[in-house]
Amino acid sequence: VQLQASGGGLIHAGDSLRLSCAASRRPFSVDIMAWFRQAPGKEREFVSAIAWGDGRTHYANFVQDRFTISRDKAKTTVYLQMNNLKLEDTAVYYCATDQLPADPTSFATTSDEYDYWGQGTQVTVSS
C-alpha cells in the first residue's frame with residue numbers, strides 16, 4: 001500500500017490544521033493507521049492511531065485533547081485535525097499503517113511496528 005500525506009504548512013500558534021493521508025487501496029479491517037512526527041534533532045514519536053475497521057482511537061499524552069484522528073472509508077483517507085497548535089508541534093508529520101497487526105485490539109506506538117509509511121508533510125508553527 002502507498003500512503004500520501006498532505007495538508008502541512010506554516011501557521012501561527014493557536015491556529016488549526018488538518019492533515020490527510022490517502023491510502024492507495026482500502027486497508028484491511030484490522031489495520032491500524034497512525035500519525036507520527038519528527039522534529040529536527042529528535043526521534044520520531046507517536047501522535048495518534050485509529051483502527052480502520054471499528055474506528056477506535058489512541059493518542060499520545062502530549063496531544064491533550066487538541067488533536068482528533070478520523071477516517072473516511074469511502075475515500076480510504078485518514079485525517080488528523082490539529083487545534084490550538086503550539087510551537088513544539090513543529091515537525092514533519094508522517095502517516096503509517098500497521099498492516100494485519102499481531103494484536104488488532106491494541107495500538108502499536110513505536111515506529112518499527114509499522115509496515116508502510118507516507119512521505120511526510122511539514123508542519124511549522126510560528127509565534
Side-chain angles (χ1 to χ4, degrees):
V1 63
Q2 292 182 333
L3 303 175
Q4 181 73 36
S6 62
L10 173 62
I11 56 172
H12 292 102
D15 285 351
S16 299
L17 201 62
R18 189 178 79 160
L19 306 182
S20 300
C21 175
S24 59
R25 62 153 179 80
R26 186 178 63 187
F28 297 111
S29 61
V30 296
D31 287 357
I32 302 296
M33 307 293 291
W35 288 96
F36 284 74
R37 71 184 187 183
Q38 188 166 18
K42 295 187 176 181
E43 294 186 352
R44 193 169 298 189
E45 65 178 350
F46 172 80
V47 177
S48 181
I50 187 167
W52 185 260
D54 62 14
R56 289 173 298 115
T57 60
H58 182 61
Y59 296 93
N61 290 336
F62 65 79
V63 168
Q64 297 175 334
D65 296 326
R66 299 182 297 125
F67 296 178
T68 302
I69 191 170
S70 62
R71 86 267 196 250
D72 185 326
K73 287 189 171 182
K75 296 181 178 180
T76 63
T77 298
V78 175
Y79 302 99
L80 185 67
Q81 175 67 42
M82 305 186 293
N83 299 326
N84 190 24
L85 282 158
K86 304 176 180 180
L87 299 180
E88 53 265 38
D89 293 319
T90 294
V92 178
Y93 284 72
Y94 298 89
C95 58
T97 179
D98 182 3
Q99 189 175 70
L100 301 175
D103 181 6
T105 64
S106 66
F107 291 97
T109 59
T110 58
S111 59
D112 59 355
E113 296 178 274
Y114 285 79
D115 306 293
Y116 299 97
W117 291 81
Q119 84 287 5
T121 184
Q122 176 71 47
V123 173
T124 303
V125 184
S126 65
S127 59

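All residue numbers refer to positions in the sequence shown, counting from 1.
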Taking CD in Q2 as the centre, count heavy atoms belonging to other residues, nucleotides or ligands within less than 6.0 Å. Is the count above 12?
no

Would V30 and Y116 show up in the same hydrophobic cluster when neighbours are defined by side-chain heavy atoms closer than 4.5 Å?
no

All heavy atoms of R71 vs all of G53, minimum pair found to be NH2-O, 3.1 Å

Does atom NZ of K73 have more than 12 heavy-atom neighbours, drawn from other residues, nucleotides or ligands, at distances under 6.0 Å?
yes

Donor-acceptor pairs are to be reported for all side-chain atoms of residues 10-17 against protein atoms at under 3.5 Å, with residues two or more places apart or in another chain.
unit_1: D15; atom_1: OD2; unit_2: H12; atom_2: N; d: 3.4
unit_1: S16; atom_1: OG; unit_2: N83; atom_2: OD1; d: 3.0

Which other residues end up in the same hydrophobic cluster as F36, if Ile, Leu, Val, Met, Phe, Trp and Tyr are linked when side-chain heavy atoms come under 4.5 Å apart?
I32, F46, V92, Y94, F107, Y114, W117

To the closest 0.5 Å, what do you measure between SG (C95) and CD (Q119)?
7.0 Å

Nearest non-hydrogen partners of E88 and R37, listed with the distance
O-NH2, 3.9 Å

Treat each ILVMFWY residue as a node, draw an edge where side-chain heavy atoms are under 4.5 Å apart, and state whether W52 and Y79 are in one component.
no

L19 side, atom CG; F67 side, atom CZ - distance, nearest 0.5 Å:
8.5 Å

Nearest heavy-atom contact between A39 and A91 is N-CB, 3.8 Å

Check the hydrophobic clustering (I, L, V, M, F, W, Y; side-chain heavy atoms under 4.5 Å; chains of links allowed) and say if I50 and L100 are grouped together.
no

Side chains of S127 and L87: closer than 4.5 Å at any heavy-atom pair?
yes

Got a second to check how far E43's CD is from Q38's CD, nearest 0.5 Å?
8.5 Å

Would you mind listing every salt bridge (Lys or Arg N to Asp or Glu O under 4.0 Å) that reaches into residues 110-119, with sequence neighbours excluded?
none

Is there any salt bridge (Lys or Arg N to Asp or Glu O under 4.0 Å) pair reaching into residues 16-36, and which pairs are they, with sequence neighbours excluded?
none

Mark yes or no for whether S48, through its side chain, and H58, through its backbone, hold a donor-acceptor pair below 3.5 Å.
yes

Applying side-chain contact (heavy atoms from CB on, under 4.5 Å), run through Y93 and M82 and close with a yes or a no.
CA-CA 12 Å; Y93 284 72; M82 305 186 293; 3.8 Å; yes

Mind listing the closest non-hydrogen atom pair of C21 and L3 along with its distance?
SG-CB, 3.9 Å

Kindly state each residue pair satisfying salt bridge (Lys or Arg N to Asp or Glu O under 4.0 Å) with at least one member in residues 47-70, sequence neighbours excluded.
D54-R56, R66-D89

Residues in side chain to side chain donor-acceptor pair (under 3.5 Å) contact with T124, at least two apart in sequence or another chain:
Q122

Of the options T77, D98, I69, T97, which is the one that meets M33 in a side-chain contact (heavy atoms from CB on, under 4.5 Å)?
T97

